[in-house]
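Step one of this worksheet: look at the structure below.
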Amino acid sequence: MMPQALLEHGFLLAGALFALGLIGVMVRRNILFILLSIEIMLNASGLAFVAAGARWGQPDGQVMFIFILAMAAAEVSVGLALVIRLYHVFKSLDADCASRMKG
Amino acid sequence: MPELLWLIPALPLLGFIVLVAAGSRLSRRTVAIVGTGSVGIAAALSIFLGTGFLAYPPLSHHYSQTLWTWIDLGDFRPSISFYLDPLSLVMVFVVTVVGFLIHLYSTEFMSEEEGYSRFFAYMNLFVGSMLILVLADNLLLLYLGWEGVGLCSYLLIGFWYKDTANGKAAMKAFIVTRIGDTAMAVGLFLIFVNLRTLNIQEVMQKALQSWPESSALAVAAAALLLGGALGKSAQLPLQTWLPDAMAGPTPVSALIHAATMVTAGVYLIARTNVLFTLAPVVQEAVAIIGALTLLLAGFSALTQHDIKRVLAYSTISQIGYMFLALGVGAWSAAIFHFMTHAFFKALLFLGAGSVILALEDEHNMFKMGGLRTELPVTFRTFLIGAASLSALPLVTAGFYSKDLIIWSSWSSDKGGPLLWAAGFAGALLTSLYTFRMVFLTFFGEKKGVVNKRPGIRMKIPLVILAALSIVGGFVELPRTLGNFPAFSGFLNTVLPPVETAHGDLSLEAIMQIGASLLSILGIYAAYILFLKRRRYTEELGIVPISQAIHRFWFSGWGFDWLYDRLFVRPFFWAARINRDDFIDLIYAGVAWYNRFLHRALSLTQSGRIRWYAAGITLGAIITIGIAVIL
Amino acid sequence: MNITFYLTAVVAVISTFMVITRRNAVHALLYLVVSLLSVALIFLILGAPFIAALEVIIYAGAIMVLFVFVIMMLNLGPQSVAQEGQLLSPGIWVGPVILTALLSGELLYVLLRTPGRVFNITTVSPKLVGMALMGPYVLGVELASMLLLAGLVGAYHLGRKDRSDGGAS
């Protein structure tokens, strides 16, 4: 007998992880934690893609995950470089320090 | 050759375009040639066409030429088309010939001025617009010319725009005539809505068929057209702009504010005479307004110091005579007086221009004097013009035309003793103020130094106009003097003859002799009062009552004062009260609301990433919420 | 099989929750590694062994190591933990939790509106994935490579020591 799974449960897990990541982005002021939370959200959306791909037994969901992975890698490299610069300038990781663009 | 008709208005307009486009790069000589030449050729063409028209009159008594359809909008299809009949032929002849002479005069008169090409461009535009006005075969095209001449009048009154007073005079002329023009536009709407056409001939026919005499529509249409005519022709109660219009260069005063444009109202009423016949009330009003205006303006002319203002009030007064003639149904007499008036008033203005130029921009007659030996040509021609204006019997054109009006105001079935008396008294006033001007300016002791004498280009127009001021009257001789009604005979295909109620020949002769005596008496009185016994007037000037009357007349019967109190100040007062008016509050509210939104939006731009993320989340919630619910 | 799935899911949620609540960055990072590993297990359960491997190698491996490097470079000491405690006042949680609850509620509504769909899990082999990548998605691969290049150049540019900070300071 083939192993079975419930599509909705995969989505629910992805949604829960995404929501936690979203809370993290909104709550944390430390820019490192914001980046971590963004990683969580990206990972969660990747999970949703893979779950959807598994439903049909097609590789497309996995392909999308690979793209998300590449995007996450690029984003993290630039984001971390920005963290370093921010720390050099403000001697702090508080993202609210860099609020000079306020209207 | 009547196919060349369109060239008559087209040539001055072409001159205008050339001068506007290239005027600043042309030499003064070229500008003068273009400006004067275009009007000159038009004048030659109009004489040529006129002789053709006289020699071989068209069977339908008119010639029309349609160039193209102007607007095509359902059954509203006015076309650019010209209509030449005896009435418009007389107008075209006067406009082009007098216009040409004044252009010629201006080439010398304006030679020292800045904006030489601008001046001629405006003048050409004026002549072109005036010709469109008189040649138009529909009321809309007529209105185009009507507004065109109004615009040129505004531009030329404010020609020396660097002086604020001139600009204000120009605005006054524009705004006051605008009142009349608005009435006229409403009249055109009324006519079109009810008769479904604006073609003048069709309007006349349909009005006769569908409007009974004294019906409300006919009265309203005639009254609204009369409103336009009153504004343009500076008649009571819209006469206040014309004296101030003298701020423009003198040739402009001669051409626009004496000879042609201000008589457009007379032309309009004569052209739409059927409407006025259908509305006897309005026609009576025309006569009464004319009579009142001629008296009021005559008294005002008697007190002015400025030679041009005397002539301005005299113009108002003479147009009052024309309105009187129109009002009593003597249509051709009005046009006759228009023609002779154009000759002698243009002559007087040009003569005054020579005097003003000679005395270096001196307008005050009391600072002139003794110029008859210094400026002999100007003096003689001016004297002829003055004699014609005063209707000196037998030899002058003014005598024949004015006498015809005075006689018609008695003999016509629409006339009466009161109207006649006004015209009769006006004759005395006219000769009195005219010769007051002549004696003050040319006789007596010398007071100014003559710096500049008119050259040949100024003398020729003076001489030609002087000749026309004499012979111009011989085209229409009254029954008592040879009975040669050529002019009214020429016009009677367009304008119905005067309906006489009392046509007593001997009475006419008596009245003519009376009017002649009155004219001579006026001249003699002027001689006594302003030359021989100056102390009479000086003593009169000391008496308080006469001083008060003098001030009252001098200010033009206080109309400016009255309008200032009645309209201008309440308007300013209302404007001040209404400074933060309701409508402004709406706009201020919009501005405040936008500023509020702007502040609210810039608050969201806090520079804090968490808030931005929260904003994105909120947006996602709303978007998904909408998608889910729908 | 299902029990493994739910256990792993619970581990993933708890560890993720720990990530966003930790004050020490290194602790949070370690919890995140746990979360990523459990997600990798779920990938395996869902029949995506290749993705599970990538998750472990690239996410839990490479990207997390990047974070570790940065934390080490910044040399964050105990005082940063204290500072982090000041930044995390309890009141700050209210708004985001409400917003997220709303969003999750909407998601739940959408998911639970339709009856559950049970499906058989078939393993999608790396070969299939590779053929899809180099077949219909080849353009996406090229774009991803451009993106990575841009990320590389950007990170290098931002990370240069000698860059003047006139504009930022």
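Lettering of chains follows the sequences in order, A, B, ..., and the numbering in each one begins at 1. Model, not experiment: these values are computed from the prediction.
- At a heavy-atom cut-off of under 4.5 Å, chain A is reached by C:L54, C:E55, C:I58, C:Y59 from residues 53-62 of chain C, listed in order of number.
- Between C:I20 and A:G24 the shortest heavy-atom distance is CG2-CA, 3.8 Å.
- Contacts between A:I23 and chain C at a heavy-atom distance below 4.5 Å involve backbone atoms as well as side-chain atoms.
- Of the atoms belonging to C:I92, heavy atoms from both backbone and side chain fall under 4.5 Å from chain A.
- Heavy atoms of C:S125 lying under 4.5 Å from chain A are absent altogether.
- If you measure heavy-atom distances from A:I34 to chain C, you find no contacts under 4.5 Å at all.
- Neither the backbone nor the side chain of C:L143 has a heavy atom closer than 4.5 Å to any heavy atom of chain A.
- Using a 4.5 Å cut-off between heavy atoms, A:L86 does not touch chain C at all.
- The contact between A:A16 and chain C is made entirely by side chain atoms (from C-beta outward), counting heavy-atom distances below 4.5 Å.
- Of all heavy-atom pairs between A:L47 and C:F43, the closest is CD1-CE2, 3.4 Å.
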**Stepwise side-chain contact (heavy atoms from CB on, under 4.5 Å) test for C:L133 and A:F67** = CA-CA 10 Å; C:L133 257 185; A:F67 287 152; 4.1 Å; yes
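- Chain A forms more heavy-atom pairs under 4.5 Å with one residue of C:V97, C:L107, C:V39 than with any other, namely C:V39.
- Sorted by first and then second residue, the salt bridge (Lys or Arg N to Asp or Glu O under 4.0 Å) pairs involving residues 8-30 of chain C (not counting sequence neighbours) form an empty list.
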